[in-house]
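Within every chain, numbering begins at 1; the chains are lettered A, B, ... in the order of the sequence lines, protein sequences first and strands thereafter. Basis for what follows: all heavy atoms, side chains included, without hydrogens, waters or symmetry-related copies.
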2 protein chains.
Amino acid sequence: MKKEFVVIGLGRFGGSICKALIEQGMEVLVIDRDEARIDEFASIATHAVIADSTDETVLKSLGIRNFDHVIVAIGADIQASILTTLMLKEIGVKRVTAKAQNDYHAKVLHKIGADNVVHPERDMGKRIAHNIVSKSILDYIELSDKYSIVEIASNDLLAGNTILDLNIRAKYGITIVAIRRGASVIVSPQAHNVIERDDVLIVIGEIENINRFEKDLLLDK
Amino acid sequence: MKKEFVVIGLGRFGGSICKALIEQGMEVLVIDRDEARIDEFASIATHAVIADSTDETVLKSLGIRNFDHVIVAIGADIQASILTTLMLKEIGVKRVTAKAQNDYHAKVLHKIGADNVVHPERDMGKRIAHNIVSKSILDYIELSDKYSIVEIASNDLLAGNTILDLNIRAKYGITIVAIRRGASVIVSPQAHNVIERDDVLIVIGEIENINRFEKDLLLDK
Ligand SMILES: Nc1ncnc2c1ncn2[C@@H]1O[C@H](COP(=O)(O)OP(=O)(O)OP(=O)(O)O)[C@@H](O)[C@H]1O
Ligand SMILES: Nc1ncnc2c1ncn2[C@@H]1O[C@H](COP(=O)(O)OP(=O)(O)OP(=O)(O)O)[C@@H](O)[C@H]1O
Ligand SMILES: [Ca+2]
Ligand SMILES: [Ca+2]
Ligand SMILES: [Ca+2]
Ligand SMILES: [Ca+2]
């Protein structure tokens with residue numbers, strides 16, 4: 001059973017969602033009031049329609065109620081974003097994800113029934129600031145306020161040592177759950193595994209402890 | 001030694017980077033040609049300057065060469081983004097991160113010396129599409145083309161079973177590296193650990209295998 005999605009607004013964010021959904025085998029109807037955007041996506045999306053989403057007749061005639069999930073990716077025109085979201089929920093669309101420009105916009109979207117409100121630029125800004133500050137941390141998942149999983153780049157200080165030599169679990173209370181080495185991944189590495197210069201360590205633990213480990217790592221540089 | 005950053009362009013992306021860097025204790029000079037943006041960030045950033053970053057005299061008079069890292073977060077005005085990045089590298093700024101609007105823009109930024117090119121809307125679109133399609137996958141790190149770490153929401157099918165009962169490693173070739181339970185995290189759970197309804201499993205393995213596990217999970221729903 002293929003899921004059917006609608007993406008309204010083909011900016012960079014909406015466009016990227018459409019492409020990713022199509023790549024995952026979903027059906028995607030895209031709507032934009034800008035003809036040029038629709039032309040670009042005509043050959044990518046399952047269906048592409050030039051329309052103003054604030055026009056309720058249009059939404060109804062497209063049978064929007066029958067789709068599984070609608071993503072409102074309208075940007076600068078906050079009024080259109082709010083009006084569209086409101087009508088989608090009134091028409092009875094089950095899941096609506098809407099993009100917010102700021103906290104006030106987000107609040108209104110929640111109030112009028114958006115099931116999920118996203119802040120792509122803000123969230124990616126945070127991620128990138130995080131990566132910029134800590135040069136050795138490449139990517140991460142925040143598991144809780146206290147715990148994270150992070151990717152840490154190896155360096156000359158680590159290279160050539162076994163996991164036993166480094167004694168990271170005892171010294172820092174963190175665990176190496178995997179090592180990425182080129183295209184391959186070593187899951188649950190053993191005490192005798194030797195770390196190489198270009199490895200990436202996947203580490204889980206308390207954020208404080210990970211930061212302590214990372215600081216000691218950088219003494220090398 | 002506090003690091004010193006410059007953020008040029010205070011859209012949602014640049015603004016978010018500035019705030020996150022300040023929260024991490026960094027010093028941040030922000031530049032925008034729009035007075036309203038600078039007014040908003042005057043009390044947030046370390047220094048805030050109304051200026052056009054394509055004016056080389058301005059950049060030099062701000063002593064931009066002495067900062068550790070400059071982030072060019074200019075959006076729609078691709079020409080200004082390119083010109084600014086070019087001048088920053090010519091002046092001798094060591095690290096420049098620039099935001100790209102599309103692949104062509106990214107290529108040019110790399111060519112003229114940007115050390116790091118980012119696509120916030122595109123990348124967040126991918127992440128969110130991923131989360132939308134798989135309701136049980138909450139967050140993830142792509143370790144390679146083949147391997148991922150993902151957060152998977154538990155459900156009624158899993159609840160009450162021990163890790164041994166589920167036999168996930170043997171059946172799917174994937175490993176539960178941690179369980180998030182409310183605010184706490186159980187690292188390297190043991191065979192006898194019982195999974196609860198609202199747990200989040202942190203799982204590592206081949207993407208194909210994780211997808212297979214996730215599909216079987218959803219049979220429940
Ligand atoms: N009422 C509407 N009906 C249909 N499409 C709309 C409507 N309002 C805006 N759009 C479309 O939404 C798209 C995204 O809007 P805009 O460019 O303002 O967002 P943005 O936040 O700058 O995008 P991004 O940052 O993702 O590139 C545009 O292609 C625009 O034509
Ligand atoms: N030459 C320049 N000098 C200084 N600031 C500039 C220059 N050109 C653009 N800016 C500023 O960059 C900021 C971001 O630009 P814009 O709003 O086009 O980006 P955007 O990609 O839509 O932003 P976002 O999606 O992050 O909200 C604006 O506040 C704008 O005033
Ligand atoms: Ca990093
Ligand atoms: Ca914009
Ligand atoms: Ca944007
Ligand atoms: Ca999800």
Could you tell me which portion of [X] (side chain, backbone, both or neither) has an atom closer than 4.5 angstrom to a non-hydrogen atom of chain B?
X: A:Asp139; result: both
X: A:Ile71; result: side chain
X: A:Arg122; result: both
X: A:Gln101; result: both
X: A:Lys146; result: neither
X: A:Tyr140; result: backbone
X: A:Val185; result: both
X: A:Ser184; result: neither

Checklist entry - Quick one: which residues of residues 198-207 of chain B reach chain A at under 4.5 angstrom, heavy atoms only? => result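 From residues 198-207 of chain B, the residues near chain A are B:Ile202, B:Ile204.
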Next on the checklist: Taking A:Glu121's backbone N and O only, do any of them form a donor-acceptor pair with B:Arg12's side chain (distance below 3.5 Å, no angle check)?
Outcome noted: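 Checking the backbone N and O of A:Glu121 against the side chain of B:Arg12, no donor-acceptor pair under 3.5 Å is found.
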Checklist entry - Looking at A:Lys126 and B:Ser16, what are the two nearest heavy atoms and their distance? => result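 Looking at all heavy atoms of both residues, the shortest contact is N-OG, 3.4 Å.
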Item to check | Exercise: identify the closest heavy-atom pair between A:Ser188 and B:Thr175 | outcome: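 Taking A:Ser188 first and B:Thr175 second, the nearest heavy atoms are OG-CG2, 4.2 Å.
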Checklist entry - Do you know which of A:Cys18, A:Ala20, A:Ala129 has the most heavy-atom pairs under 4.5 Å to chain B? => result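 Most heavy-atom pairs under 4.5 Å with chain B: A:Ala129.
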Checklist entry - Of all of A:Leu143, A:Asp123, A:Ile128, A:Asn116, which one pairs up most often with chain B through heavy atoms under 4.5 Å apart? => result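 Most pairs with chain B among the choices: A:Leu143.
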Item to check | Residues, nucleotides or ligands: over 12 heavy atoms within 6.0 Å of A:Arg169 CZ | outcome: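 Result for CZ/A:Arg169: open.
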Item to check | Enclosure of B:Glu208 CD (heavy-atom neighbours >12, cutoff 6.0 Å) | outcome: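 Result for CD/B:Glu208: open.
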Next on the checklist: To the closest 0.5 Å, what do you measure between CD1 (A:Ile149) and CD1 (B:Ile149)?
Outcome noted: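 With rounding to 0.5 Å, CD1 (A:Ile149) is 4.5 Å from CD1 (B:Ile149).
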Item to check | Largest heavy-atom contact set with chain A, pairs under 4.5 Å, which of B:His119, B:Glu142, B:Arg127, B:Lys19 | outcome: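 Option with the top pair count is B:Arg127.
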Checklist entry - Under the side chain to side chain contact (heavy atoms under 4.5 Å, CB included) criterion, do A:His69 and B:Ile132 qualify, and how do the steps go? => result CA-CA 9 Å; A:His69 196 141; B:Ile132 282 175; 3.7 Å; yes
